2 protein chains.
Amino acid sequence: MKTRIQELRKQRKLSQEELALAVGVTRQTITSLEREKYTASLVLAYKIATYFGLAIEEVFDFSEAGY
Amino acid sequence: MKTRIQELRKQRKLSQEELALAVGVTRQTITSLEREKYTASLVLAYKIATYFGLAIEEVFDFSEAGY
DNA sequence: TAAAAGTGTAAAGTATGCTTTGCAAAGGAG
DNA sequence: CTCCTTTGCAAAGCATACTTTACACTTTTA
């Protein structure tokens, strides 16, 4: 799934490691989400969105066909 | 995870079967979500919320400890 | 009251999210 | 140029989401 994670993370000048720590997952998970290897779980999506002060729908793109 | 799925479904007088069909899963999946057997995936959460005309955060309750 | 529709549950199987470890390569800073 | 931080990737393993089938119980409707 397409996301704005990398964009938002870079705006705030955070490393993948720092973001991972902040939302309680490993760096590999953040990498995978940014590289669109898989879709975040609902809870992780919420934690990431909340961390950035946004709604889930503002971080994750559901407009794509197939979702 | 706590959700308002059952409440919203009953308001609209839908069966689990009908809702399941509408969002593209089986009835068992809807039952499990209503009975809090597990948490929906991000995509399913989006489909359900959208079906009810609400934001994800309005259907799923993230306030619980642990999430 | 008998049939039908709706719901809860269970177990086994498949698919996907996340972790762990480890290595390679790219970029910035001294 | 060299070190250090950051990032991409891979494979194996565990946890969880969802399916399929099937059965029991309850509620609605004819």
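Only a predicted model underlies this, so the values are computations on that prediction, with no experimental measurement involved. Every chain is numbered from 1, with letters handed out A, B, ... down the list of sequences.
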E17(A) atom CD is separated from dT7(D) atom P, nearest whole Å, by 9 Å
Taken to the nearest whole Å, CG/L21(B) to C1'/dT7(C) is 17 Å
Residues V23(B) and K47(B): closest non-hydrogen pair is O-CD, 3.5 Å
Rounded to whole Å, the NZ-P distance (K47(B) to dA17(D)) equals 16 Å
The reported gap from CG in L19(A) to CZ in R9(A) (rounded to nearest 0.5 angstrom) is 7.0 Å
Distances under 3.5 Å only, N/O to N/O: pair up the protein atoms with those of nucleotides 10-14 of chain C.
residue	atom	partner	partner atom	Å
dA10(C)	N6	Q28(B)	NE2	3.3

So CD of E58(B) and OG1 of T3(B): to nearest 0.5 Å the spacing works out to 13.5 Å
R27(A) atom CZ is separated from dT5(D) atom P, nearest whole Å, by 13 Å
Of the listed dC18(D), dG17(C), dC9(D), the closest approach to the R35(A) side chain comes from dC9(D)
For a quick check of understanding: with a heavy-atom distance under 4.0 Å over all strands, which category does T26(A) fall into, base, sugar-phosphate or nothing? base
Closest non-hydrogen contact found for F62(B) with V43(A) is CE2-CA, 4.5 Å
Answer with yes or no whether the hydrophobic clustering places L21(A) together with Y46(A); edges join I, L, V, M, F, W, Y residues whose side-chain heavy atoms lie under 4.5 Å apart.
no
To the nearest 0.5 Å, atom CZ of R4(B) lies from atom NZ of K10(B) at 14.5 Å
Check: Would you call L44(B) and L33(B) a side-chain contact if the rule is heavy atoms closer than 4.5 Å?
Finding: yes
L33(B) CG to dT7(C) P, in whole Å, measures 14 Å
Rounded to whole Å, OH of Y38(B) lies from P of dA17(D) at a distance of 8 Å
Sorted by number, residues from residues 5-14 of chain A placing a heavy atom under 4.0 Å from DNA chain D are R9(A)
F60(B) and M1(B) have their tightest heavy-atom pair at CB-SD, 3.8 Å
Taken to the nearest 0.5 Å, the spacing of I30(B) CD1 from R35(B) CZ works out to 13.5 Å
Answer with base, sugar-phosphate or nothing: what part of the nucleic acid does S15(B) contact at a heavy-atom distance below 4.0 Å? sugar-phosphate
Exercise for review: Select base, sugar-phosphate, or nothing to describe what S41(A) touches, counting heavy atoms under 4.0 Å on all strands.
Suggested key: sugar-phosphate
Between T29(B) and Y38(B), the two heavy atoms sitting closest are CA-OH, 3.6 Å
Taken to the nearest whole Å, CD/E36(B) to C1'/dT9(C) is 16 Å
Heavy atoms of A55(B) and E57(A) approach each other most closely as CA-OE2, 3.5 Å
Q16(A) atom CD is separated from dT6(D) atom C1', nearest whole Å, by 7 Å
Looking at S32(B), I'd like to know whether one of its side-chain N or O atoms comes within less than 4.0 Å of OP1 or OP2 on dA17(D).
no
In terms of heavy-atom contacts, L42(B) and A40(A) come closest through CB-O, 3.4 Å
Each nucleotide of nucleotides 24-30 of chain D classed B (base within 4.0 Å of a protein heavy atom), S (only sugar-phosphate) or -, in 5' to 3' order, makes -------
